There are 2 protein chains.
Amino acid sequence: MGEYQLDVVLSAVADPTRRAILDRLLVGDARVTDLASAFPISLNSTSKHIKVLERAELVRREVRGRDHVLSLRGEALGEAVAWMEQYRAFWEDRLAALEAFVLSDPVGDVPDDEDPADGGGAR
Amino acid sequence: MGEYQLDVVLSAVADPTRRAILDRLLVGDARVTDLASAFPISLNSTSKHIKVLERAELVRREVRGRDHVLSLRGEALGEAVAWMEQYRAFWEDRLAALEAFVLSDPVGDVPDDEDPADGGGAR
DNA sequence: CTGATATTCACCCATGCGGGTGAATATACG
DNA sequence: CGTATATTCACCCGCATGGGTGAATATCAG
């Protein structure tokens, strides 16, 4: 839910191997061994990565006899994206805004020195 | 760009303190000291976190004399979100899709065959 | 120049993490 | 039953990381 889960999810996805695992699962479900053989890491290491992804609720495990079938489960990513959306204004509309005032301000009164908001003030 | 930057960005954002710093910058620019005093960590530690955020291109530093003013710079988050969007189908439209075929298939001929993507199956 | 403020640099320390190996444990198969 | 396969458990190792302290390094103010 809150902060903690975001920690778990983001740090889980921060690892390239784990992202690769997720990418692989995007194609279809797979067993631990399948995943292990798809990457240059040991079966054991793969097992650990999976556990991390499981804790982050990014994969679901279905035990079928001796096989553990992993499948994708992206809700957690949805939450992560939701958090990032807060910052959307800082990557989207950014160029648009710049372009906008540049075009609409032939005088050249460019506020290149951003307003320091509240930041500077104190002390 | 590719994989590497995603590593840097995601691991940068995976830390709660760094996310808090970003949240703080959402309100307005701030100096290193301002950020440090806003959290229970030392000035030094704050400086390090900022450097990490800088490497991830999540904050911009403008040196004004002895003050370093930090400001938000979310493009990188945009890329991260772009990566996550790949998995959108696994959290969004999930219920919608389920509901959809349930409603549009009164016969009950559900494609429950071996659709691996589902995984949810019975249990 | 001298002192105060803002940041960083250079270390130190504990912990966590990715990866590896070898031994359990569970399930399938003959 | 016994053997092979699938996963995990228990450790071990190297390294990065978060956090801390104290000493540089800049810049501002007298």
Side-chain angles (χ1 to χ4, degrees), chain A residues 3-25 29-56 58-71 113 116 118-123, chain B residues 3-25 28-56 58-71 123:
Chain A
E3 291 301 315
Y4 170 68
Q5 188 63 5
L6 211 46
D7 272 34
V8 180
V9 174
L10 290 175
S11 54
V13 183
D15 183 88
T17 300
R18 280 187 297 258
R19 282 202 307 280
I21 290 181
L22 293 179
D23 288 348
R24 166 62 183 72
L25 290 180
D29 298 0
R31 297 172 307 156
V32 181
T33 311
D34 298 329
L35 294 173
S37 59
F39 309 108
I41 61 178
S42 79
L43 175 68
N44 221 315
S45 189
T46 307
S47 176
K48 291 184 194 173
H49 279 303
I50 293 176
K51 226 175 306 179
V52 173
L53 290 172
E54 234 183 330
R55 277 190 49 202
L58 284 170
V59 303
R60 182 185 301 106
R61 178 194 305 255
E62 186 191 348
V63 181
R64 291 183 192 169
R66 53 182 180 176
D67 296 318
H68 292 204
V69 177
L70 290 316
S71 55
D113 56 282
D118 69 316
R123 180 151 300 132
Chain B
E3 292 301 314
Y4 171 67
Q5 189 61 6
L6 213 46
D7 273 35
V8 179
V9 174
L10 290 175
S11 54
V13 188
D15 182 89
T17 300
R18 274 180 311 251
R19 283 202 307 279
I21 289 181
L22 292 179
D23 287 348
R24 167 61 184 71
L25 289 179
D29 298 0
R31 297 171 307 156
V32 181
T33 312
D34 297 330
L35 294 173
S37 59
F39 309 107
I41 61 178
S42 78
L43 175 67
N44 221 316
S45 188
T46 307
S47 176
K48 292 183 193 173
H49 280 302
I50 292 177
K51 226 174 308 179
V52 173
L53 290 173
E54 235 184 328
R55 277 190 48 204
L58 285 170
V59 302
R60 183 186 299 106
R61 178 193 306 254
E62 186 191 348
V63 181
R64 291 183 192 170
R66 54 182 178 176
D67 296 317
H68 292 204
V69 177
L70 290 316
S71 55
R123 177 124 331 252

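Just so it is clear: chains get the letters A, B, ... in the order the sequence lines come, proteins before strands, and each one is counted from 1. Just so it is clear, the values below take in all heavy atoms, side chains as well, and ignore hydrogens, waters and symmetry mates. What you see is a predicted model, and the numbers here were worked out from it, not measured in a lab.
A salt bridge between D34(B) and R24(B) is absent, with no side-chain N of the basic residue lying under 4.0 Å from a carboxylate O of the acidic one. Taking the charged nitrogens against the carboxylate oxygens, E3(A) and R19(B) do have a contact shorter than 4.0 Å, which makes a salt bridge. With respect to the salt-bridge test (charged N to carboxylate O, under 4.0 angstrom), the residues R60(B) and E62(B) do not qualify.
Distance CZ (R64(B)) to C1' (dT7(C)): 16 Å, rounded to an integer number of Å. One interatomic measurement links the two molecules: CG of D7(A) to P of dC17(C), which rounds to 11 Å at whole-angstrom precision. Summarising the geometry, the separation between CD1 on I50(B) and C1' on dT8(C) is reported as 11 Å, rounded to the nearest angstrom. Rounded to an integer number of Å, the gap from NE2 of H68(A) to P of dT25(C) is 15 Å. The distance from atom CZ of R55(B) to atom P of dG18(D) is 11 Å, rounded to the nearest whole Å. Here the P atom of nucleotide dA6(D) and the CG atom of D29(A) are 17 Å apart, to the nearest Å. Between the P atom of dA6(C) and the CG atom of D34(B) lies a distance of 9 Å, rounded to the nearest Å. dG20(C) atom P lies 9 Å from atom NE2 of H49(A), rounded to whole Å.
Contact annotation: S47(B) side-chain N/O to dT8(C) OP1/OP2 distance is under 4.0 Å. The side chain of S42(B) places an N or O atom within less than 4.0 Å of a non-bridging phosphate oxygen (OP1 or OP2) of dG20(D). In terms of phosphate contacts, T17(B) brings a side-chain nitrogen or oxygen within less than 4.0 Å of OP1 or OP2 of dG19(D).
No hydrogens or angles were tested; on distance alone, a donor-acceptor pair under 3.5 Å links the side chain of K48(B) to the base of dG19(D). Counting distance only, with no hydrogens placed and no angle test, the side-chain atoms of R66(B) and the base atoms of dT7(C) include no donor-acceptor pair under 3.5 Å. Contact of N44(A) with dC9(D) (side chain to base): a donor-acceptor pair of N or O atoms is detected under 3.5 Å.
Contact detail for V59(A) and L25(A): the closest heavy-atom pair is CG1-CD1, 3.6 Å.
In this structure, the separation between CZ on R61(B) and CG on L53(B) is 10.0 Å, given to the nearest 0.5 Å.
For V32(A), whose side chain is taken as the heavy atoms from C-beta onward, the closest listed nucleotide among dG18(D), dT7(D), dC9(C) is dT7(D). Listed nucleotides: dT7(D), dG18(C), dA6(C). Nearest to the side chain of D67(A): dT7(D). Taking the side chain of I41(B) as heavy atoms from C-beta on, and the options dG19(C), dG20(D), dT8(C), the nearest nucleotide is dG20(D).
Nearest-nucleotide positions on DNA chain C place L43(B) closer to the 5' end than the other of L43(B) and L43(A). Closest-nucleotide positions on DNA chain C for G65(A) and D15(A) were compared, and the one nearer the 5' end corresponds to D15(A).
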